[in-house]
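See below for the structure under consideration.
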Amino acid sequence: MSTNNGIRKVVIPAAGLGTRFLPITKAQPKEMLPVVDKPVIQYVVEEAVKSGFDDIIIITGRNKRSIEDHFDRCHELEERLSGQNGTEPYAKAFFALEEIPEIHYIRQREQKGLGDAVLLAEKHCDDEPFAVLLGDTITIEPIGCETCTSQMNEVFKKYGKSVVAVEEVPDYKLKDYGIIDGELAAPNIYVINSIIEKPAPEIAPSNLGAIGRYIFTSEIFDCIHKVRPGYGGEIQLTDAIRMLDHPLGLVTNCIRYDIGDKPGWMKAWIELTLGREEFHDDILCFMQELLKKEEMRVS
Ligand code: G1P
């Protein structure tokens with residue numbers, strides 16, 4: 001785990017209804033969808049802890065109880081496993097962590113948007129800078145590199161400005177992201193002049209989309225207070241970011257998986273399964289067979 005020079009708080013919004021995943025999200029949170037053998041939100045919590053953020057607040061909503069259960073201790077399982085795994089600490093059996101982190105939960109009672117969800121953490125964050133990691137996005141750093149959030153934190157420490165992780169997105173995906181209008185100020189760092197939530201391709205200011213990782217100064221709360229309902233009739237975080245004093249956009253070297261819709265989820269499954277040594281050969285062989293069958297079917 002890296003230390004991060006003081007920032008400890010991280011807010012993980014996980015209150016959305018998951019309508020793009022119905023029917024699977026009718027009675028279970030989209031953040032609990034599995035990718036290989038872990039729910040999506042576990043990847044997010046592990047990223048936060050690996051980046052040195054150990055004061056975690058998850059913004060939940062109705063039907064999200066299983067998130068709390070997942071990060072709770074389960075004495076029955078613990079007893080059962082301690083017999084099998086000898087001295088392996090319980091946390092390590094399930095999480096890529098030494099200990100299960102302390103997690104606070106705040107419920108968003110009404111679906112008023114991402115900006116509103118982040119605002120619920122205002123009292124907890126007080127005047128401190130904090131990170132926001134969306135609960136439906138996974139980022140994986142190259143071997144030997146820092147996590148996405150750690151890379152952002154380095155930029156925050158250097159410039160003292162809020163940082164938004166961005167990535168080039170194809171034209172057909174512009175309508176799914178907050179898109180920045182930025183000026184390159186240093187390698188991979190943009191000064192953000194403006195940001196628009198889910199623009200039509202004709203009015204998108206660039207192809208750089210916010211990927212769901214942010215570090216904010218507490219100024220963001222004042223901005224969210226001023227935001228009026230925007231895209232989709234919701235309080236958009238993007239509209240508050242536009243009011244910040246020259247926030248920065250950072251392109252990191254991490255791979256990002258957007259679990260916001262079914263194809264994104266399926267692609268993450270495939271790629272992350274292939275990344276696991278114990279499944280790699282078997283699944284690759286299966287995929288090659290599948291491809292051959294598909295080629296024969298269309299020829
Ligand atoms: C949210 C944000 C958007 C951002 C995206 C990243 O949209 O509003 O600005 O680009 O996350 O995944 P959502 O995917 O919740 O609709």
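Since the model is a prediction, treat every value here as computed from it, not as a measurement.
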Can you tell me how far apart [atom1] ([X]) and [atom2] ([Y]) are? Round to the nearest 0.5 Å.
| X | Y | atom1 | atom2 | answer |
| --- | --- | --- | --- | --- |
| F156 | I215 | CZ | CD1 | 7.0 Å |
| I255 | I140 | CD1 | CD1 | 8.0 Å |
| H70 | S66 | NE2 | OG | 9.5 Å |
| D261 | K173 | CG | NZ | 4.5 Å |
| K123 | I57 | NZ | CD1 | 12.5 Å |
| N253 | L250 | CG | CG | 9.5 Å |

Any non-hydrogen side-chain atom of [X] less than 4.5 Å from a side-chain atom of [Y]?
| X | Y | result |
| --- | --- | --- |
| F53 | T147 | no |
| E31 | I58 | no |
| V163 | P247 | no |
| C125 | S218 | no |
| L237 | I224 | yes |
| I189 | Y159 | yes |
| H104 | D55 | yes |
| V118 | Y214 | no |

Quiz prompt | Check ion pair E294-R297 (N to O, under 4.0 angstrom) | solution =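 So E294 pairs with R297 through a salt bridge.
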
Any side-chain to backbone donor/acceptor pair from [X] onto [Y]? Under 3.5 Å, distance only.
| X | Y | answer |
| --- | --- | --- |
| T25 | G18 | yes |
| Q151 | E146 | yes |
| K198 | Y231 | no |
| W269 | P34 | yes |
| K30 | T19 | no |

Would you say [X] has more than 12 foreign heavy atoms packed within less than 6.0 Å of its [atom1]?
| X | atom1 | value |
| --- | --- | --- |
| E278 | CD | yes |
| Q111 | CD | yes |
| H246 | NE2 | no |
| R62 | CZ | no |

Exercise. Any pair with a residue in residues 207-230 that passes salt bridge (charged side-chain N to carboxylate O under 4.0 Å, His left out), sequence neighbours left out, goes on the list, sorted by first then second residue, please.
Key: E47-R213

Among residues at least two apart in sequence or on other chains, which ones pass salt bridge (charged side-chain N to carboxylate O under 4.0 Å, His left out) with [X]?
| X | answer |
| --- | --- |
| D258 | R256 |
| R242 | D239 |
| E128 | K9 |

Using the rule that two of Ile, Leu, Val, Met, Phe, Trp, Tyr join whenever any of their side-chain heavy atoms come within less than 4.5 Å, decide whether [X] and [Y] are in one cluster.
| X | Y | result |
| --- | --- | --- |
| I7 | V49 | yes |
| L244 | L248 | no |
| I220 | L134 | yes |
| I235 | I12 | no |
| I41 | I56 | yes |

Quiz prompt | Counterpart residues, side chain to side chain donor-acceptor pair (under 3.5 Å), relative to R20 (two or more places apart) | solution = none

Quiz item: ring-ring contact (aromatic ring centres under 6.0 Å, His included): which pairs involve residues 162-189, sequence neighbours left out?
Solution: none

Quiz item: E289 and K292: salt bridge (Lys or Arg N to Asp or Glu O under 4.0 Å), yes or no, with the steps?
Solution: CA-CA 5 Å; E289 291 296 319; K292 269 192 225 149; 3.6 Å; yes

Of all heavy-atom pairs between [X] and [Y], which one has the smallest distance, and what is that distance?
| X | Y | result |
| --- | --- | --- |
| I195 | G178 | CG1-C, 4.1 Å |
| A121 | V11 | CB-CG2, 3.6 Å |
| E110 | Q108 | O-CG, 3.1 Å |
| A48 | V10 | CB-CG1, 3.9 Å |
| V40 | T137 | CG1-N, 4.4 Å |
| S206 | I180 | OG-O, 2.5 Å |

Quiz item: Could you go step by step and tell me if V169 and L174 meet the side-chain contact (heavy atoms from CB on, under 4.5 Å) rule?
Solution: CA-CA 7 Å; V169 297; L174 291 166; 3.8 Å; yes

Quiz item: Can L291 and M287 be said to form a side-chain contact (heavy atoms from CB on, under 4.5 Å), step by step?
Solution: CA-CA 6 Å; L291 206 60; M287 284 168 64; over 6 Å; no

Quiz prompt | Verdict with supporting geometry, E234 and D116, side-chain contact (heavy atoms from CB on, under 4.5 Å) | solution = CA-CA 8 Å; E234 296 187 340; D116 179 71; over 6 Å; no

Self-check item: Donor-acceptor side-chain pairing of Y257 and E271 below 3.5 angstrom
Solution: yes

Exercise. I would like to know whether L119 and H225 meet side-chain contact (heavy atoms from CB on, under 4.5 Å); could you show each step before the answer?
Key: CA-CA 8 Å; L119 189 59; H225 278 293; 3.7 Å; yes

Quiz item: Is the centre of the F221 ring less than 6.0 Å from the centre of the F130 ring?
Solution: yes

